[in-house]
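We name chains A, B, ... by the order of the sequence lines, and we start the count at 1 in each one. Since the structure is predicted, the reported quantities are computational estimates derived from the model, not experimental observations.
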There are 2 protein chains.
Amino acid sequence: MEKNTATTIFETLSSGVRLDVYRLLVRQGKAGLVAGEIAAALDLPATNLSFHLKSMVHANVVTVEQEGRYMRYRANLAQMLELIAYLTEECCEGNPEQCLPLLSSPCAPESSCCPKPEETQ
Amino acid sequence: MEKNTATTIFETLSSGVRLDVYRLLVRQGKAGLVAGEIAAALDLPATNLSFHLKSMVHANVVTVEQEGRYMRYRANLAQMLELIAYLTEECCEGNPEQCLPLLSSPCAPESSCCPKPEETQ
DNA sequence: TCAATATTTCAATAATTGTTGTATAGTTAA
DNA sequence: TTAACTATACAACAATTATTGAAATATTGA
């Protein structure tokens with residue numbers, strides 16, 4: 001991942017409105033939501049939501065697909081995982097022994113998102 | 001982690017200057033760097049660096065410690081891990097089966113930061 | 001085709017953030 | 001205690017981002 005890609009992701013999620021939109025879409029999973037549903041859920045003017053969605057699509061943290069007259073938005077988890085990998089990669093370069101104890105936590109068994117390999121296959 | 005904490009972290013890392021500072025400090029590990037060393041490494045005016053460091057300390061992505069007349073800064077990896085956990089937690093809530101395939105990647109064996117448990121102990 | 005609906009674009013304005021130089025405060029060492 | 005050094009605070013200005021309403025674009029269904 002390039003530096004500009006990372007800062008663009010950070011920038012888009014630095015807004016409370018956009019973080020709300022992102023988390024809402026994450027909760028919806030693959031189903032996603034159309035713009036009007038997002039606006040209703042978060043009580044946002046359509047114009048303002050459109051502004052923020054444009055930023056999020058540009059940062060590739062959400063995807064958009066036309067569905068007739070509707071636009072369906074979905075969270076792009078893959079992009080978030082690439083950002084995490086980018087940060088993880090940086091943190092270990094040179095002296096991995098310093099951050100390994102900390103970095104084991106997102107992979108710990110108690111995390112519902114990172115099961116041990118033998119549990120997923 | 002609270003929403004405001006997350007947006008503050010995203011905001012502080014949304015600046016190219018601050019991401020440079022963060023990654024520089026991450027590379028230094030526990031040793032960290034004093035402000036003047038950071039300014040020299042990144043060729044920044046002291047005033048401007050001070051402005052950005054203040055933001056990063058406020059977001060708790062770096063820590064600061066007085067050392068005589070110097071101020072030593074260090075990356076706070078724990079805070080980054082909490083942010084990752086916060087995002088990971090959100091992404092799996094409700095329908096974890098949708099994001100599990102994606103989320104296994106940062107735990108993959110090829111990642112130098114997330115070795116399998118049997119390799120660390 | 002035409003009216004209704006969904007969403008975006010545009011323009012105007014408000015609010016926030018970034019950069020620089022100068023001044024200030026604290027620390028060190030002679 | 002004084003001169004040199006490190007870093008931050010402040011003020012001014014430049015640049016960017018956020019919000020809103022009005023207008024435009026595109027799709028649907030009668």
Side-chain angles (χ1 to χ4, degrees), chain A residues 3-25 28 31-76, chain B residues 3-25 28 31-76:
Chain A
K3 178 181 151 187
N4 283 348
T5 306
T7 56
T8 301
I9 296 170
F10 283 127
E11 183 182 341
T12 209
L13 293 176
S14 70
S15 146
V17 172
R18 292 192 293 266
L19 188 56
D20 282 342
V21 171
Y22 183 75
R23 294 173 71 191
L24 176 63
L25 289 175
Q28 303 303 314
L33 288 174
V34 299
E37 291 172 331
I38 301 171
L42 301 179
D43 194 26
L44 289 171
T47 305
N48 191 18
L49 176 61
S50 183
F51 168 82
H52 289 298
L53 285 173
K54 186 178 175 182
S55 156
M56 297 175 79
V57 169
H58 177 248
N60 199 28
V61 298
V62 305
T63 61
V64 60
E65 184 185 12
Q66 183 148 14
E67 212 173 76
R69 80 178 93 175
Y70 303 91
M71 300 295 273
R72 183 165 297 272
Y73 289 88
R74 295 182 178 89
N76 181 5
Chain B
K3 177 182 152 187
N4 282 349
T5 306
T7 55
T8 302
I9 296 170
F10 283 126
E11 184 182 340
T12 208
L13 294 176
S14 70
S15 146
V17 172
R18 292 191 294 266
L19 188 56
D20 283 342
V21 171
Y22 183 74
R23 294 173 71 191
L24 176 63
L25 289 176
Q28 302 304 313
L33 289 173
V34 299
E37 291 171 331
I38 301 171
L42 301 179
D43 193 27
L44 289 171
T47 306
N48 191 16
L49 176 62
S50 184
F51 168 82
H52 290 298
L53 284 173
K54 186 178 175 181
S55 157
M56 298 176 78
V57 169
H58 177 248
N60 199 28
V61 298
V62 305
T63 62
V64 59
E65 185 185 12
Q66 183 149 15
E67 210 173 81
R69 80 179 94 173
Y70 303 91
M71 301 295 273
R72 183 165 297 273
Y73 290 88
R74 295 182 178 90
N76 180 5

For the pair made of [atom1] in [X] and [atom2] in [N], what is the distance, rounded to whole Å?
| X | N | atom1 | atom2 | value |
| --- | --- | --- | --- | --- |
| A:His58 | D:dA18 | NE2 | P | 13 Å |
| B:Leu53 | C:dG18 | CG | C1' | 14 Å |
| B:Phe10 | C:dT16 | CZ | P | 21 Å |
| B:Arg72 | C:dT27 | CZ | P | 17 Å |
| B:Glu37 | D:dA7 | CD | C1' | 13 Å |
| A:Leu44 | D:dT20 | CG | P | 9 Å |
| B:Asp43 | C:dT20 | CG | P | 10 Å |
| B:Asn48 | D:dC10 | CG | C1' | 15 Å |

Picking from [options], which would you name as closest to the side chain of [X]?
| X | options | result |
| --- | --- | --- |
| A:Met71 | D:dT8, D:dT6, C:dT8 | C:dT8 |
| B:His52 | C:dT8, D:dT28, C:dT19 | C:dT19 |
| B:Thr47 | C:dT7, C:dT27, D:dT8 | D:dT8 |
| B:Arg69 | D:dT6, D:dA7, C:dT7 | D:dT6 |
| A:Phe51 | D:dT19, D:dT6, C:dT19 | D:dT19 |
| A:Tyr73 | D:dT19, C:dT7, C:dT28 | C:dT7 |

message: Looking at every non-hydrogen atom in both residues, tell me the closest pair between B:Leu49 and B:Ala39 and how far apart they are.
response: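 Where B:Leu49 meets B:Ala39 most closely, the heavy atoms are CD2-N, 3.5 Å.
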- request: Of all the heavy-atom pairs spanning B:Leu19 and A:Ala6, show the shortest one and how long it is.
  value: CD2-CB, 4.0 Å
How would you label the contact of [X] with the nucleic acid (heavy atoms, under 4.0 Å): base, sugar-phosphate, or nothing?
| X | answer |
| --- | --- |
| B:Gln66 | sugar-phosphate |
| A:Glu11 | sugar-phosphate |
| B:Arg18 | sugar-phosphate |
| B:Ala35 | sugar-phosphate |

message: When you measure only distances, ignoring hydrogens and angles, does the side chain of B:Ser50 come within 3.5 Å of the base of D:dA9 through a donor and an acceptor?
response: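 In this structure, the two groups form no donor-acceptor pair.
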message: Using side-chain heavy atoms (C-beta onward) and a distance below 4.5 Å, is A:Ile38 in contact with A:Leu44?
response: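 A:Ile38 does not reach A:Leu44 side chain to side chain.
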field: From OG1 (B:Thr63) to CE (B:Met56), nearest 0.5 Å
entry: 11.0 Å
Distance in Å, B:Tyr22 OH paired with B:Leu13 CG, rounded so as to fall on 0.5 Å steps: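 Reported value, rounded in 0.5 Å steps: 6.5 Å.
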statement: DNA chain D nearest-nucleotide lookup for A:Glu67 and A:Ser14: closer to the 5′ end is A:Ser14
